[in-house]
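Read the structure below first, then the notes.
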Amino acid sequence: MTVQLDRHYLVELQVSAERVSQLRRIIAAHLRHWSLELHIRPVCRGVEELLTNVHRHVGDDNNCVVELRWSGRHLTVSVADNGSEMPRLLSTGGGLSRVMALSDSWGTCRTAEGKVVWFTRYAKEPRTVGLVPSAPLPGVDEFRRHPVAVPDIVPETTTASGAAPALV
């Protein structure tokens, strides 16, 4: 199987609680399509944190752009919005702390329209496992060449006293 490298997905949306859950499902579908199932949960949680921050700090009426880019080695997720306030990593935890914990790297940068917050995860190209020709188990061929005689099975009987007869 040849994996198309540098896959890209972009969506523009107005942030709301309903849209966040819709976008989680869309991102999960894209990651499944790209054979990146192991990354669905952490990537969706990271996107949810970033969109929640946009909703909380920028507001509902602003558009944002969510972008996924997979190079075959790294998956980069970015959320751009038109808010002017740059996010900060708080010592008490919070959204960016969670994003940091779910990613290999993250960052922010100012843009002409506002800012972009991004994170990356190492997501190596999945390998497909081909069918392996069947090989006999060790010892099977030897057994076929020299079968072992199996003794006849004698049904067990009991004596009048209820004890099993002695084997001779």
With hydrophobic residues grouped by side-chain heavy-atom distances under 4.5 Å, do [X] and [Y] end up in a single group?
| X | Y | answer |
| --- | --- | --- |
| Y9 | V66 | yes |
| V20 | V47 | yes |
| L102 | L96 | no |
| L31 | L23 | yes |
| V65 | W106 | no |

Just how far is it from atom [atom1] of [X] to atom [atom2] of [Y], taken to the nearest 0.5 Å?
| X | Y | atom1 | atom2 | value |
| --- | --- | --- | --- | --- |
| S103 | E49 | OG | CD | 11.5 Å |
| H74 | T120 | NE2 | OG1 | 6.0 Å |
| L68 | W34 | CG | CH2 | 5.0 Å |
| H55 | D81 | NE2 | CG | 13.0 Å |
| K115 | S84 | NZ | OG | 7.0 Å |
| R24 | E48 | CZ | CD | 4.5 Å |

Note, V117 side chain near S78 side chain (heavy atom, < 4.5 Å): no

